[in-house]
Each structure stands twice: as structure tokens, then as C-alpha cells.
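In what follows, chains carry the letters A, B, and so on, assigned in the order in which the sequence lines appear, proteins first and then strands, with residues in each chain numbered from 1.
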There are 2 protein chains.
Amino acid sequence: MKGLGELERSIMDILWAENTPLTAREVGRLIEDRDLAPTTVMTVLDRLARKGFLTRTRDGRAWRYQPAASRDAYVAELMLEALDMTGDRDAALTRFARAVSGSEAEILLKALTELEEE
Amino acid sequence: MKGLGELERSIMDILWAENTPLTAREVGRLIEDRDLAPTTVMTVLDRLARKGFLTRTRDGRAWRYQPAASRDAYVAELMLEALDMTGDRDAALTRFARAVSGSEAEILLKALTELEEE
DNA sequence: GGGGTAGTACTACGTCCTGTAGAGAGGTGG
DNA sequence: CCACCTCTCTACAGGACGTAGTACTACCCC
């Protein structure tokens, strides 16, 4: 997988936040802060779809875009990918475990123990 | 933090594998598979140092490069960075926990419980 | 001591990715 | 029929990376 650029991530954030498929125009309206040309938004949406981050379906003449995967799935995948980079996964995991803050450690712990119970 | 390119990562891998600081020439010798010009290796080492991935110390006229952080630390940091991207850290963590394979889940679990005991 | 050798710093260039957008085509509503 | 929306295609600048040449300096061997 590849990382996302600044604008790409902003757009993914918007689409992850809404849970309905949006058209380019709608996305554009939600990025007001940056005064982007409509075609800019369209181009980026297109690239994201091409990269597999979005799927799109027709709605009249327009496309409606929606994330191919949830943000959580994306983040988890990024984390796994980082983990794959190391030769010593155990050491990296241990270090990671130590680095997450207390409340998050508990979340992890809970998820892991629930996993074992199954 | 930024990601690393292909060659940059190869070179970091070499330096992470050796645990002594290496000169450009030594690194170059260890990348034989790719027939690189010595200056190429030097340039990349220089860039890595500039980006903070390596530190270098003089050894006669030559520089000796060594990783600024361990690979595990780097990987853990990448993972945390990915985690920072999400709005819902808990969901991402839960998903991550479910995604790691069994033996790794145990490593994580162990690290986390040891953490609690302290 | 002079030439080869090793090492450095600086510069360069092609390529790919990303942000950004215009141009042109083809419907659609009034 | 005209204005407009949306699409697709094309373009371009800036930055990161892979790759390397050049020019300068210090050192060792004969």
C-alpha cells in the first residue's frame, strides 16, 4: 500500500466521516477552507479510486465516491505494514506495547483477551 | 517522520544489521547486488543523516554512520504515527489486535501485562 | 615528492508522486 | 438554443529519491 498525500488524506477524512457516498461537488463543498477548483477535487478523487482507496458508482452523470475500507482498517493495515518492515517483530511489538499510553494499553489488552476467549 | 525510499531502506537495513558504525565504502561493499557508484551510497547516507535517521562521526577523513534509533524504535514509531491518523484510536487498536497473528498476539499480551505489573 | 587512491562536498538530472487546474466534450434544464 | 454541470484528458510545478559526475583535499607507496 502507499501513503496518502496531504490533500488526499483530507479528502479521505471527509469521506470517512460521512457515511454516504459523495459526489465530487459535495466533497468540494466540504473542503471550503481550501479554495480548490472543482477539477482538483475530481482529479484527486479519481486518483484515490484508481489507487483502490475509493470505490465509485454512477449517480446520473456524476460519480459517487465512498471509501473502499474503513479508516480503522486502513490504520490497522498501515500498522501491520510497519511491523512487516522489521526483522524482529517481537522486539518491535514489545516496544510498541510499551509506547502506547495506559488507556490504550487497556484497549489492546481487552481486544487481545477477548480474542483468546473465542 | 517521513518514510524511506527503496535504497534508503536497504541502507538502513544494513546499518541496523551491523551494530558498528560503518563508512560509506563499507556500506557500499555490503550492497554488492546493486552495482552502485560510491558517490551514490555517500549521497544517500548523507541524506539519511540530514533527515535524522543516521548520526555520523569522523574517522580520519571518513565518516562513520550509525542509526540514530533502532529499527524497532523506528517501526514502533511508524505504528504510533499510523495510529495517530485515526479519529477513533480504540477502534483501530482493536482492529489491529485482531489482525496480528496468534503468536504475535501473545507477545503483545506479554508485553502489556508486564507493563501493568510494573 | 609525485601520482594513484580514498574520501568529501557540491551539483545535476530523470522519474515519480502530488497538488493544482485548464480545456474540451457531452448531457440537461429552462 | 444557451448556460451549466460533470466527466475525462492533459498539463505543469515542486519535492523526494535513485543515481552519479566533478572537483578538491589528504594520504600512502615507491
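A:Gly28 comes within 4.0 angstrom of nothing in the nucleic acid, heavy atoms only. At the heavy-atom level, A:Leu36 lies under 4.0 Å from the strands shown only through sugar-phosphate atoms.
The ring-ring contact (aromatic ring centres under 6.0 Å, His included) check on B:Tyr74 picks up B:Trp16, B:Phe53, with sequence neighbours excluded.
Contacts between residues 40-54 of chain B and DNA chain D, defined by a heavy-atom separation under 4.0 Å, are made by B:Thr40, B:Thr43, B:Val44, B:Arg47, B:Lys51. A heavy-atom distance below 4.0 Å to DNA chain C is reached by these residues of residues 6-26 of chain B, ordered by number: B:Arg25.
Distance check: B:Glu114 CD to B:Leu109 CG gives 10.5 Å after rounding to the nearest 0.5 Å. The CG atom of B:Asp59 lies 7.5 Å from the OG1 atom of B:Thr57; values are rounded to the nearest 0.5 Å.
One finds a salt bridge joining A:Asp13 and A:Arg71 here, because a Lys/Arg side-chain nitrogen approaches an Asp/Glu carboxylate oxygen to under 4.0 Å.
Considering only heavy atoms from C-beta on, B:Met85 comes within 4.5 Å of A:Arg9 through its side chain. Between B:Glu77 and B:Leu80, every side-chain heavy-atom pair lies at or beyond the 4.5 Å cut-off. Looking only at side-chain heavy atoms (C-beta outward), A:Thr55 and A:Gln66 come within less than 4.5 Å of each other. Contact of the B:Thr23 side chain with the B:Glu26 side chain is registered, since non-hydrogen atoms from C-beta on lie closer than 4.5 Å.
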Donor-acceptor pairs are to be reported for all side-chain atoms of residues 41-48 of chain A against protein atoms at under 3.5 Å, with residues two or more places apart or in another chain.
{"residue": "A:Thr43", "atom": "OG1", "partner": "A:Thr39", "partner atom": "O", "Å": "2.8"}
{"residue": "A:Asp46", "atom": "OD1", "partner": "A:Arg56", "partner atom": "NH1", "Å": "3.0"}
{"residue": "A:Asp46", "atom": "OD2", "partner": "A:Arg50", "partner atom": "NH2", "Å": "2.5"}

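Among all heavy-atom pairs drawn from A:Val75 and B:Leu83, the shortest one is CG1-CA, 3.8 Å. Minimum heavy-atom separation, A:Leu7 to A:Arg34: CA-NH2, 3.5 Å.
By the 6.0 Å contact criterion, CG on B:Asp35 is open, its count of non-hydrogen atoms from other residues, nucleotides or ligands being 12 or less.
For B:Gly3 and A:Ala62, each mapped to the nucleotide of DNA chain D holding its nearest heavy atom, the one lying further toward the 5' end belongs to A:Ala62.
A donor-acceptor pair shorter than 3.5 Å cannot be found between the side chains of A:Thr20 and A:Arg64.
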Distances under 3.5 Å only, N/O to N/O: pair up the protein atoms with those of nucleotides 23-30 of chain C.
{"residue": "C:dG26", "atom": "N2", "partner": "A:Arg61", "partner atom": "NH1", "Å": "3.1"}

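Using a 4.0 Å cutoff to heavy atoms of chain B, the contacted part of DNA chain D runs 5' to 3' from D:dC17 to D:dC27.
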